[in-house]
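Below is one structure, written out as structure tokens; comments come after it.
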There are 4 protein chains.
Amino acid sequence: MASDSEKTGMAGRYEPRRVPVQARSRERVRRILDAAAQLLIEEGYGGVKTNHIAKRAQVPVGSIYQFFPNRNAIFHALAVRYMDRIRAILEGQLASKAPQRPWEDVLDGVIDTLADVWRSEPAFLAVWVAVQITPELRYADTNYSQIFVDELLVEFLARNFSGLTDDRRRIVARVIFEISQVLLDHSVIHGGDDQAAVVEELKTVLRSYIQTHIDATAHSTPSN
Amino acid sequence: MASDSEKTGMAGRYEPRRVPVQARSRERVRRILDAAAQLLIEEGYGGVKTNHIAKRAQVPVGSIYQFFPNRNAIFHALAVRYMDRIRAILEGQLASKAPQRPWEDVLDGVIDTLADVWRSEPAFLAVWVAVQITPELRYADTNYSQIFVDELLVEFLARNFSGLTDDRRRIVARVIFEISQVLLDHSVIHGGDDQAAVVEELKTVLRSYIQTHIDATAHSTPSN
Amino acid sequence: MASDSEKTGMAGRYEPRRVPVQARSRERVRRILDAAAQLLIEEGYGGVKTNHIAKRAQVPVGSIYQFFPNRNAIFHALAVRYMDRIRAILEGQLASKAPQRPWEDVLDGVIDTLADVWRSEPAFLAVWVAVQITPELRYADTNYSQIFVDELLVEFLARNFSGLTDDRRRIVARVIFEISQVLLDHSVIHGGDDQAAVVEELKTVLRSYIQTHIDATAHSTPSN
Amino acid sequence: MASDSEKTGMAGRYEPRRVPVQARSRERVRRILDAAAQLLIEEGYGGVKTNHIAKRAQVPVGSIYQFFPNRNAIFHALAVRYMDRIRAILEGQLASKAPQRPWEDVLDGVIDTLADVWRSEPAFLAVWVAVQITPELRYADTNYSQIFVDELLVEFLARNFSGLTDDRRRIVARVIFEISQVLLDHSVIHGGDDQAAVVEELKTVLRSYIQTHIDATAHSTPSN
DNA sequence: AATGAATGAGCTTTCATTCAT
DNA sequence: CATGAATGAAAGCTCATTCAT
């Protein structure tokens, strides 16, 4: 089955050369990604040289190229790794298994959890920025996140208020996602004293935004 | 008005070497910036080489270094150029001279105007991204935008509802600014059919967010 | 018959590490050489990587090094394989067992047979070129071909006209050999319409060249 | 006007990036080519590293890439340079301005001159071999030499005996050219005592070959 | 002031060969 | 014997910046 990216004509460039199966290989890849993330934080995109990554990860350069076809593929993998963590958080908290909590609480919980991640792992932010560097990277990235935004956030919205078309719901979900990203980034970058305050504002923004849609829906379909 | 660099403490690195006064020089600088913006869209930050800029701008490389101390200074100048345009728009529409329109209308007007700019100049987006990449650039430019966000947006908020502390108002203003940026970016990147829809969502987001604050303020200060 | 390497004084470097005796091993070596030959045609000497050979031959890289001490040894083996085929052809057609045919006919027959080989196996050409590239390989292989040129061609010349010194005869034989090679190569490279024509020219060249020597010999030794 | 190579789809890769016009630049390019030729002789194709060339030529690597788009382009340029020398020799000796000498003498003269060149410049041989390494290089090369073979050798044949069709004449010319190359190469490689002898054989080969064509022509068109 | 050829440190990537399994 | 992941020296090439003209 062809992957999403194989269809775009813009991708495939960052696909892993070899997927590590043995424990030792997986460990290696992990070390490579950790080193890259660390360097990204310390030096910024331009400062991340393949040889530095190798040295920091305690692997020979050659090993990097066993798993990644090129330098940018490392950044892509990093982004995927972090996006997967976000996905896991969303899955854990948005999924339908805990149906009885009011949506506002669920949302607040998600934001708090994400804020913790952002705060505790500066790499999240760094990766996010790094991935914007090349149009292709950005493209691959957005594609990837779109998948779980669709799966999880759209689904969550659908369960909690039904008054929107599917298309509309996807846009709303994406808007929520994007807003969360920037404001979490912003809270970290201009951290200092306002960090927590910005996170609170994020909650306010999302709550009022969603509420507006609920209200609008309620009015337009009063018979519901 | 003092230039941004005088305030940053990290200043000077991107300051123009020579400010073009003669018509021909000004024209050159304009061509350099246009070329850089164009290349930024096509190739991304990493793909913009000084020699390409020079060739595209039809100026010798040496000329670039007459006006800019280094490559990043070009991106900085580009960011300043674009931020100045945004500032002009905000100044024109938020300033106190047209006091009688309801704030919702003013806001919608601003967003529509900005959306036009973003749509017609994809470079806006590219520049914004480029500036995030280098830590120093990010720092310098965030500061710069902070200035007019403070001046104009904070001012606008202050005029329209007074129930927030100054600090809080600055945060709200910043949140508004960041949200506007991402969603405008997003509307451009995923051009297609949803572009207008995303812009509408942006309006909804901002309106409901601000309204929430107004309401909160009203309650907390019932004498109003 | 002693192997070439015993005579070169530069020997050993390309000697097989292990001579395959079991059927499976022999098959493996054959596959390795076939793969190498094929890649040589497609990519040229510089483009043939050991890993490509292994993949194409469906053997693990390690296997290659079981039989060959290094990359160049593969090319050497290839050259030997092909030279052996040429030798077989020459042996079959030049050897004294078919004494009664006029030398012109014998020569034409040989050329036609060789032309068939060259045409049907483009690798012949590629291998020959590859072997020229590395000084040591060239040395080893020229020596090897020298052996059977001496044995067969010189012998053939000796039988058909006796008026040359041995040294002279070796030079003439070598000249014939070299000319045949280039022109067969040329006929293949510039395939198209002229292929057959070039082969005919080759016959003409060789016939007239040899005839000249016969004539010269006849004059210088009128008593014959 | 499009060059020959621009039409093939296989070339253009070796075209100079910048053609040196000033004396100093021309001198640089000459030094680069000299260094490459020298290294080719000493180390063989594989031993010629761009950095070695640069060091030997006393230029920075960067300079090489100002004039040549890649490593192979250097070999191509080298081949062109030497082919141009051959062309000059052919032009000087085959051209119609010296019409009265018998063709055998002209031919002998050309061969002797070429033999001198081959003997005195080992690079000739090395370059010839190097150019065979990549299919594209060989192709570009043959194309280039074909031009002056057509112009000069075909023309020479046409002037001296008229009994061949044009197409045939081109083949004969090419055959002469190829034979001369190998045997000159051979005379140098297996130099030693036989060097002069091989050159003499080359003359014999060519003379008898051409004479055969003259005779054949004369017979087939006796009325001429 | 204007030019653009010159510079070379340093980057990414490759690939023949080995050797632990 | 068989395997193929691991290795890392070393190659080709780039490109921001300078400075002689």
Side-chain angles (χ1 to χ4, degrees), chain A residues 17-18 20-22 24-25 28-29 46-55 58-74, chain B residues 17-18 20-22 24-25 28 46-55 58-74, chain C residues 17-18 20 22 24-25 28 46-55 59-74, chain D residues 17-18 20-22 24-25 28-29 46-55 58-74:
Chain A
R17 271 189 174 156
R18 186 161 69 79
V21 281
Q22 296 203 352
R24 201 155 74 94
S25 295
R28 273 186 160 209
V29 169
V48 184
K49 331 286 187 189
T50 49
N51 280 301
H52 289 187
I53 298 175
K55 173 159 285 182
Q58 308 231 53
V59 300
V61 234
S63 287
I64 294 181
Y65 286 89
Q66 289 224 332
F67 302 109
F68 304 101
N70 55 55
R71 183 171 171 269
N72 274 345
I74 301 172
Chain B
R17 273 196 171 148
R18 186 161 70 80
V21 282
Q22 296 198 353
R24 199 158 74 96
S25 293
R28 279 194 159 192
V48 182
K49 332 284 183 191
T50 49
N51 281 295
H52 288 185
I53 297 175
K55 175 160 284 181
Q58 310 230 51
V59 301
V61 235
S63 284
I64 293 181
Y65 285 87
Q66 297 253 327
F67 301 110
F68 303 99
N70 56 52
R71 181 174 172 268
N72 272 344
I74 302 170
Chain C
R17 273 196 170 149
R18 184 163 70 81
Q22 296 199 352
R24 198 158 74 99
S25 292
R28 278 193 160 192
V48 182
K49 332 283 183 192
T50 48
N51 280 297
H52 288 186
I53 298 175
K55 174 160 282 182
V59 301
V61 236
S63 283
I64 292 181
Y65 286 87
Q66 297 253 329
F67 303 110
F68 304 100
N70 56 51
R71 181 173 172 267
N72 273 342
I74 302 171
Chain D
R17 271 190 174 157
R18 186 160 70 80
V21 283
Q22 295 203 353
R24 200 155 75 94
S25 295
R28 274 186 158 208
V29 169
V48 184
K49 331 284 188 190
T50 48
N51 281 302
H52 289 186
I53 298 176
K55 175 159 285 182
Q58 310 230 54
V59 299
V61 234
S63 287
I64 294 180
Y65 287 90
Q66 288 224 330
F67 302 109
F68 304 101
N70 53 55
R71 182 170 170 267
N72 274 345
I74 301 172

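Every heavy atom of this structure was used, including side-chain atoms; hydrogens, water molecules and symmetry mates were not. In this text the structure is predicted, and so the values were computed from the model without any measurement.
The distance from the CZ atom of R17(D) to the OH atom of Y65(D) is 8.5 Å, given to the nearest 0.5 Å. Rounding to the nearest 0.5 Å gives a distance of 11.5 Å between CD1 of I64(A) and CG of N70(A). Taking CZ of R28(C) as the start and CD of Q22(C) as the end, the distance is 11.0 Å to the nearest 0.5 Å. The line from CZ of F67(D) to CZ of R18(D) is 4.0 Å long, rounded to the nearest 0.5 Å.
Looking at R71(A), its side chain never comes within 3.5 Å of a backbone N or O of T50(A) through a donor-acceptor pair.
Remark: C1' of dG4(F) and OH of Y65(C) are 13 Å apart, rounded to the nearest angstrom. Distance, H52(D) NE2 to dC13(F) P: 15 Å, rounded to whole Å. For the pair K55(D) NZ and dA10(F) P, the interatomic distance rounds to 14 Å; values are reported in whole Å. Note: CD1 (I53(B)) to P (dA16(F)) measures 8 Å, nearest angstrom. When the P atom of dG8(F) is taken as reference, atom CD of Q58(A) falls 12 Å away, rounded to whole Å. N70(D) has its CG atom 5 Å from the P atom of dC13(F), to the nearest Å. Distance CD (Q22(C)) to C1' (dC1(F)): 10 Å, rounded to an integer number of Å. In this structure, NZ of K49(C) is placed 6 Å from P of dA16(E), rounded to the nearest angstrom.
Comparing dT17(E), dA16(F), dT18(E) against the side chain of R17(C) picks out dT18(E) as the nearest.
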Per-nucleotide pairing state of DNA chain E [Watson-Crick or G-U, under 3.5 Å; [ ] pseudoknot-crossing; | other strand] | .||||||||||||||||||||

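Atom CZ of R24(B) is surrounded by 12 or fewer heavy atoms from other residues, nucleotides or ligands within 6.0 Å.
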Sort me out a list of protein N/O and nucleotides 5-7 of chain E N/O pairs below 3.5 Å, or just none if empty.
unit_1 : atom_1 : unit_2 : atom_2 : d
dA6(E) : OP2    : R18(D) : NH2    : 2.7
dA6(E) : OP2    : Q66(D) : OE1    : 2.9
dA6(E) : N7     : Q66(D) : NE2    : 2.9
dT7(E) : OP1    : R28(D) : NH2    : 3.1
dT7(E) : OP2    : R28(D) : NH1    : 2.9
dT7(E) : OP2    : R28(D) : NH2    : 2.4
dT7(E) : OP2    : S63(D) : OG     : 3.1

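Residues N72(D) and T50(B) each lie close to DNA chain F; by heavy-atom proximity, the contact nearer the 5' end of the strand is made by N72(D).
Closest approach of P60(C) to A54(C), counting heavy atoms only: C-CB, 4.1 Å.
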